[in-house]
Protein chains: 2
Amino acid sequence: MITEAMPFVPGLPISSVERETGLSKDTLRVWERRYGFPTPERDANGERLYAPMQVQRLTQIKRLMDRGYRPGKLLALDDAALAALDEARPGVLASPNVQHLDNWMHLVETHDSEALQRQFYREMGKLGLASFVLDIVAPLITRVGEAWSRNEIGIFEEHLFSQHLEKMFRSVLANMSPQQGSPRLLLTTLSGEEHTLGLLMVEALMVVEDVCPVLLGPQTPIDEIVRAAQLKQVDAVCLSFSSAYSPTLSAQGLRDLRQMLPAGIELWAGGYGVKAIRKPIDGVCLMPEFQGLYDCLAKWRTQHGYEPVSASVISLPATPK
Amino acid sequence: MITEAMPFVPGLPISSVERETGLSKDTLRVWERRYGFPTPERDANGERLYAPMQVQRLTQIKRLMDRGYRPGKLLALDDAALAALDEARPGVLASPNVQHLDNWMHLVETHDSEALQRQFYREMGKLGLASFVLDIVAPLITRVGEAWSRNEIGIFEEHLFSQHLEKMFRSVLANMSPQQGSPRLLLTTLSGEEHTLGLLMVEALMVVEDVCPVLLGPQTPIDEIVRAAQLKQVDAVCLSFSSAYSPTLSAQGLRDLRQMLPAGIELWAGGYGVKAIRKPIDGVCLMPEFQGLYDCLAKWRTQHGYEPVSASVISLPATPK
DNA sequence: TAATCATTTTGTCCTAGACAATGTGTTGAC
DNA sequence: GTCAACACATTGTCTAGGACAAAATGATTA
């Protein structure tokens, strides 16, 4: 990571720091009060001005928090101790197939765009779409997230990686026109959750299962989700939550939506973000793993009188029993 | 728009209202104090609970504000007067080629996904990529935005439209591999600006001009933009701002970035969001229209000794004079 | 070992005042 | 009549410290 001395930078206002770090203004102020960090200067008007070095440290702290450390502990540490935590490997998190993913990670680290793109298409041709998503893409996204949280790569590398994945998914899915399949599934996220890759993975997996996905993209307000679900006559709404989305907000948003959504339409929620939700929510199906998606699908199909269709069977138009 | 009576909804907490309306908690509280609206109930703990009807009204007010009306005026109006404003056509904003776009708008309004997708590809084949973007896509996006601000369509229709556009752009651009062209251009947005379509339009226009675009996707923190620009050795950073992004924040962000970006790398900013920026910013090229992009490109090329290359000329690898 | 309770931690919400940045309207000069 | 400069009104954001509930941690018991 680059740590360059910046000339003539008196400091960033609190709104810029919120934008850069993702920490709310309230949190920044209360940390200052409780832990004595950060220690911003003040401008002529008494407003906070954060030194760039402190902003950098705040982003580092935020990253470590996403990894599970708690602020009270982190804010008491000095630079050296923080850097040491970056190195520490969380043995539990380490995904399987590590060996195999190392080659991919090398391409990500060196931002070798062309090679990455080529490799994606080759591997997909080799494994087929479903296996490619489940066995390569999903673990790889996890791995990239871990690498970022360990400060081995930056946001830049993560963004570039995501862009290539997205480009690949979209060009592949463009030619697999939505069939007349069942159930019909609305794919979107709540306002504030901007990650699209989860939705694209679900779309890819569901298309080959004869499901008819309607991709709405990220950040739909709940009343518009309700309207979309009714107009497009979907059987279920499927939301995706990344680990960055606060579990409190996820749960609150799911409750809000369940309240307004007609009872006949199911509500499925997936992604790393739902792992942190402890209490089950009435009328909401939480799917922390992709397996849950298949479970929900199978359950819906048996309840609605469809023969279970395996992914490996050539799919004819599904008909009610 | 659907206005259904919701059962058992005591009200939404302020964080949900912020998520749904895009109005900050500070703003919601100060409106209540100053204008006497909204008038949330309180829960046992004294915290605000907003009635769903009021939330709906707040989103309507926000929409009208994006159209230029001021809060002080809007908050004094009753339901009927607000609805009347929705109808009022802003004659000035009306785009040219209205006649031609009507057919497209009909497809958007009826959420006819298949027809829309087909029509995109046909028209692109007919006009060529550059003309398609400049003469169809850009005005159509404006038109859709206006229709939304006039409450003729909802977020749902707008999202669906955007998704189809994005799918089309990405599958088309996937096969136009980045050349070795010059200048090298980094495409991204600041944190908080999630609109990707502007970036994709720029990528499409630049690819056919022999520029080598590096698409980073939306929401990159400024220090990572700096790092990406250096690692990918780009000649300029190009940011996109939608009209939803506050002009104050745009200007602040551009100043922040210009401060940290090496002087040798140019900074270009485009999109509707920069129209509202009054004062020019030192070392930043503001391009409210697409023409500005071509101007910046031509200027860079003459300054760096490249022959100007027209879009209509078959492009050979550009070489310094 | 697993489940229940008590305790700390931590983010968000509260009030109400202040100010700067922007928008609007008015005056005056040409 | 048109345009610049001014004064005034509007509006979002920032400040302060207190309060509380949800979540995480540690202690106790079955």
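Chain letters run A, B, ... following the sequence lines, proteins first, then strands; residues in each count from 1.
Note on A:S246: nothing from the nucleic acid sits closer than 4.0 angstrom, heavy atoms only.
Note on A:T27: a side-chain N or O is less than 4.0 Å away from OP1 or OP2 of C:dT12. A sub-4.0 Å separation between OP1 or OP2 of D:dC14 and a side-chain N or O of A:K25 is present. Residue A:S24 places no side-chain N or O under 4.0 Å from the OP1 or OP2 atom of C:dG11. The side chain of B:R29 places an N or O atom within less than 4.0 Å of a non-bridging phosphate oxygen (OP1 or OP2) of C:dC14.
With respect to A:D26 and B:K25, no salt bridge is recorded, no charged nitrogen being found less than 4.0 Å from a carboxylate O. Taking a cutoff of 4.0 Å between a charged side-chain nitrogen and a carboxylate oxygen, B:R67 and B:E146 do not qualify as a salt bridge. One finds a salt bridge joining A:E32 and A:R48 here, because a Lys/Arg side-chain nitrogen approaches an Asp/Glu carboxylate oxygen to under 4.0 Å.
B:T188 and B:T220 form a side-chain donor-acceptor contact under 3.5 Å, judged by distance and modelled atom types alone.
Residue-to-nucleotide proximity on DNA chain D shows that, of A:D26 and B:P71, the 5′-proximal contact is made by B:P71.
Look at CG on A:L249: it is 14 Å from C1' on C:dC13, rounded to the nearest Å. As a whole-Å value, the separation of B:M65 CE from D:dT11 P is 9 Å. At whole-Å resolution of the value, CZ in B:R48 and C1' in C:dC14 are 7 Å apart. Separating the CD atom of B:Q252 from the P atom of D:dT13 is a distance of 13 Å, rounded to the nearest angstrom.
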Output, in order, the C-alpha distance, side-chain angles, deciding distance and verdict of side chain to side chain donor-acceptor pair (under 3.5 Å) for A:Y50 and A:T39. CA-CA 7 Å; A:Y50 293 83; A:T39 54; over 6 Å; no
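Within the 4.5 Å cutoff, the side chain of A:L64 has heavy atoms near those of the A:D86 side chain. No side-chain heavy atom of B:S240 sits under 4.5 Å from any side-chain heavy atom of B:E193.
Residue pairs meeting the ring-ring contact (aromatic ring centres under 6.0 Å, His included) criterion with at least one partner in residues 240-259 of chain A, sequence neighbours excluded, are A:F241-A:Y245.
The number of heavy-atom neighbours closer than 6.0 Å to CG of A:D282, taken from other residues, nucleotides and ligands shown, is 12 or below.
The side chain of B:Y35 approaches D:dT11 more closely than any other nucleotide in the set C:dG11, D:dT11, D:dG12. With distances taken from any side-chain atom of B:R33 to the nucleotides C:dG11, D:dC14, C:dG17, the minimum falls on C:dG17.
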Find every protein N or O atom lying less than 3.5 Å from an N or O atom of nucleotides 22-27 of chain D, and list the pairs.
unit_1, atom_1, unit_2, atom_2, d
D:dA24, O3', A:R70, NH1, 3.2

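Contacts between residues 39-47 of chain B and DNA chain D, defined by a heavy-atom separation below 4.0 Å, involve B:N45, listed by number.
Side-chain N/O atoms of A:R34 and base N/O atoms of D:dG17 include no donor-acceptor pair closer than 3.5 Å.
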